There are 2 protein chains.
Amino acid sequence: MPEFTDSVWTRPARPRTGQPTLSREQIVRAAIELLDAEGAAGLSMRRLGARLGSGATSLYWHVANKDDLLELAVDQVMGEIYVPEPGDTPWRVGVSVMADGMRAMLLRHTWVIGLLGVRPTIGPNVMRMGNRSVALLLAAGFTGPALSHVHSLITAHVIGAATTEAAVAAAVQRAGQSAAEIREQLEPFMEKTAGDYPDYARWRQESGVTEMDPDQVWDQSFAFGLERILDGLELWRVNNIGDTSAA
Amino acid sequence: MPEFTDSVWTRPARPRTGQPTLSREQIVRAAIELLDAEGAAGLSMRRLGARLGSGATSLYWHVANKDDLLELAVDQVMGEIYVPEPGDTPWRVGVSVMADGMRAMLLRHTWVIGLLGVRPTIGPNVMRMGNRSVALLLAAGFTGPALSHVHSLITAHVIGAATTEAAVAAAVQRAGQSAAEIREQLEPFMEKTAGDYPDYARWRQESGVTEMDPDQVWDQSFAFGLERILDGLELWRVNNIGDTSAA
DNA sequence: CAGTGGGCTCGAACACTGTGCGAGTCACTT
DNA sequence: AAGTGACTCGCACAGTGTTCGAGCCCACTG
């Protein structure tokens with residue numbers, strides 16, 4: 001049984017002296033490229049080796065595991081998220097910027113989503129991000145467990161929204177068809193089952209949601225949710241902290 | 001390239017006449033048991049066949065793919081979620097019950113989480129759930145795109161919260177150690193890196209979160225977030241619908 | 001009652017996966 | 001010149017999802 005703290009981040013790095021042809025950074029970068037291009041299923045150690053012009057097993061000198069490699073890749077792309085410094089803007093804006101950035105990152109690297117539920121990441125980039133988030137929320141007046149809850153709430157919204165969006169995007173891409181074609185194909189299925197799900201069918205028709213641009217709907221849905229969350233947090237903040245002037 | 005609608009749910013079921021020793025329901029049930037017991041990595045067609053006392057390839061008569069099987073399993077467990085009828089309770093309570101139920105399901109079957117981002121499910125149980133959610137939110141006064149946004153917001157919170165909770169739970173389970181032991185192990189790592197993440201380290205110490213029961217913290221965090229979301233929605237509802245009396 | 005077709009099971013095989021092991025290469029120190 | 005250690009890599013092993021074709025057995029038709 002491995003110790004809890006036995007992960008890429010706690011194991012000492014190998015000393016580097018020679019002029020190796022491969023490096024951990026290079027491997028991680030190539031892995032991310034492969035994952036972006038072909039999804040989680042597209043990454044195999046052999047294919048990654050080939051892409052780097054070296055044998056598959058050479059990678060194991062620089063990386064203990066495929067799991068470790070994935071953890072490194074996740075932390076790497078987490079570093080792409082920009083978390084504003086506290087004080088630059090009102091806290092709502094700061095949080096929104098972070099949330100939007102995180103969402104964009106997850107949609108750029110959809111393979112990350114499937115890994116988030118498998119194992120928590122405590123790499124340097126994630127830690128740095130966490131530290132800046134804490135600073136941001138401290139400046140907003142949140143403290144103690146509430147600060148943690150607020151942070152969880154924001155990230156949960158981003159992860160949850162990105163999850164379903166990515167799922168649909170993947171299905172659409174697999175189908176290789178336009179949104180209009182898919183809507184057309186889906187129609188008979190919807191009509192056939194409309195009797196079984198009357199409320200859903202009626203709402204679907206009346207809402208006019210079928211005639212909107214899907215990408216816009218995703219954006220609006222995410223923004224709507226985030227605004228409601230921030231409203232709810234503001235309300236709580238006023239009632240429990242009472243300082244409405246914090247940046 | 002497969003059509004978008006080419007999935008388990010749209011393909012006609014095979015006619016069944018003989019007295020087969022295997023059935024699709026039985027296979028799905030066994031798969032879920034295996035997944036619950038050993039996680040996503042524990043399910044292979046050969047192991048599943050062995051568990052059912054039959055050859056691995058026999059399964060392919062009842063199920064086209066491993067992917068299809070997983071989709072069936074996901075829809076199956078989705079059916080475990082209880083969505084209250086509209087009118088039974090105030091809408092906040094109804095939504096809370098659904099959210100709590102969904103969270104509990106995801107934590108019972110953590111393997112589902114990793115599949116949610118891969119492909120959207122449109123199985124009968126998910127559709128039924130969707131229909132009841134629509135009914136619930138219609139009764140609360142939400143209509144049009146806003147209804148969809150509200151539904152997305154709730155499920156996103158559940159999925160996002162369950163994702164990070166499941167990740168930590170999996171790591172703890174892999175370590176096979178108590179929360180106290182893990183905390184002890186983590187301490188030196190935290191102290192060593194405290195200088196790099198000063199805000200985080202300071203908050204961690206002052207907040208006292210390290211001395212709380214982790215399970216309770218998860219529960220509280222989820223409930224806190226849900227309350228803030230419902231507050232935000234209530235606010236929006238009053239401003240945009242104006243009817244505060246809807247059940 | 002014989003025969004045939006189709007629902008259903010399954011073993012062999014293929015192409016692939018992650019990874020342990022040991023041999024080999026090279027730059028550098030002693 | 002010998003050796004040491006960083007690094008690369010081919011082979012092999014156990015395991016994966018899935019295809020194919022052979023075979024079973026039951027319900028039907030002639």
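The basis for the numbers below is simple: all heavy atoms, side chains too, and nothing from hydrogens, waters or symmetry mates. Per chain, numbering begins at 1; letters A, B, ... match sequence-line order. Quick caveat: nothing in here was measured; it's all calculated off a predicted structure.
- Taking a cutoff of 4.0 Å between a charged side-chain nitrogen and a carboxylate oxygen, R51(A) and E33(A) qualify as a salt bridge.
- A salt bridge between R119(B) and D67(B) is present, with a side-chain N of the basic residue lying under 4.0 Å from a carboxylate O of the acidic one.
- Following rounding to the nearest Å, L69(B) (CG) and dT16(D) (P) show an atom-to-atom distance of 15 Å.
- Look at CZ on R24(A): it is 15 Å from C1' on dA6(D), rounded to the nearest Å.
- At the phosphate of dT9(C), neither OP1 nor OP2 sits under 4.0 Å from any side-chain N or O atom of W61(B).
- Atom CG in L22(A) sits roughly 17 Å away from atom P in dC26(C) (whole-Å rounding).
- Partners of I32(A) according to the side chain to side chain contact (heavy atoms under 4.5 Å, CB included) rule, which considers only residues two or more places apart in sequence or in another chain, are V28(A), D36(A), A73(A), Q76(A), V77(A), H109(A), W111(A).
- Atom pair K66(A):NZ and dC16(C):P shows a separation of 15 Å (rounding to whole Å applied).
- Residues meeting the ring-ring contact (aromatic ring centres under 6.0 Å, His included) test with H149(B), sequence neighbours left out: F224(A).
- For R108(B), the salt bridge (charged side-chain N to carboxylate O under 4.0 Å, His left out) partners are E80(B), not counting sequence neighbours.
- For the pair R103(B) and F222(B), the cation-pi criterion (under 6.0 Å, within 45° of the ring axis) is fulfilled.
- At whole-Å resolution of the value, CG in D68(A) and P in dG18(C) are 14 Å apart.
- No option in V63(A), L35(A), V118(A), N65(A) other than L35(A) meets the side-chain contact (heavy atoms from CB on, under 4.5 Å) test with L70(A).
- The phosphate of dT8(D) has OP1 or OP2 within less than 4.0 Å of a side-chain N or O from H62(A).
- Checking the phosphate oxygens (OP1, OP2) of dG18(C), no side-chain nitrogen or oxygen of N65(A) falls inside 4.0 Å.
- Interface residues of residues 35-58 of chain A facing DNA chain D, ordered by number: R46(A), S54(A), G55(A), T57(A), S58(A); criterion, heavy-atom separation under 4.0 Å.
- How far CZ of R202(A) is from OG of S207(A): 11.5 Å, rounded to the nearest 0.5 Å.
- Taking five base pairs at each end of the helix from dC1(C)-dG30(D) to dT30(C)-dA1(D) and finding the rotation axis that steps the C1' atoms of four pairs onto the next four gives two axes whose angle is 30°, to the nearest 10°.
- One atom, OH of Y60(A), and another, P of dC7(D), lie 18 Å apart when rounded to the nearest Å.
- Considering only residues two or more places apart in sequence or on other chains, R204(B) meets the side chain to side chain contact (heavy atoms under 4.5 Å, CB included) condition with E187(B), M190(B), Y200(B), T210(B).
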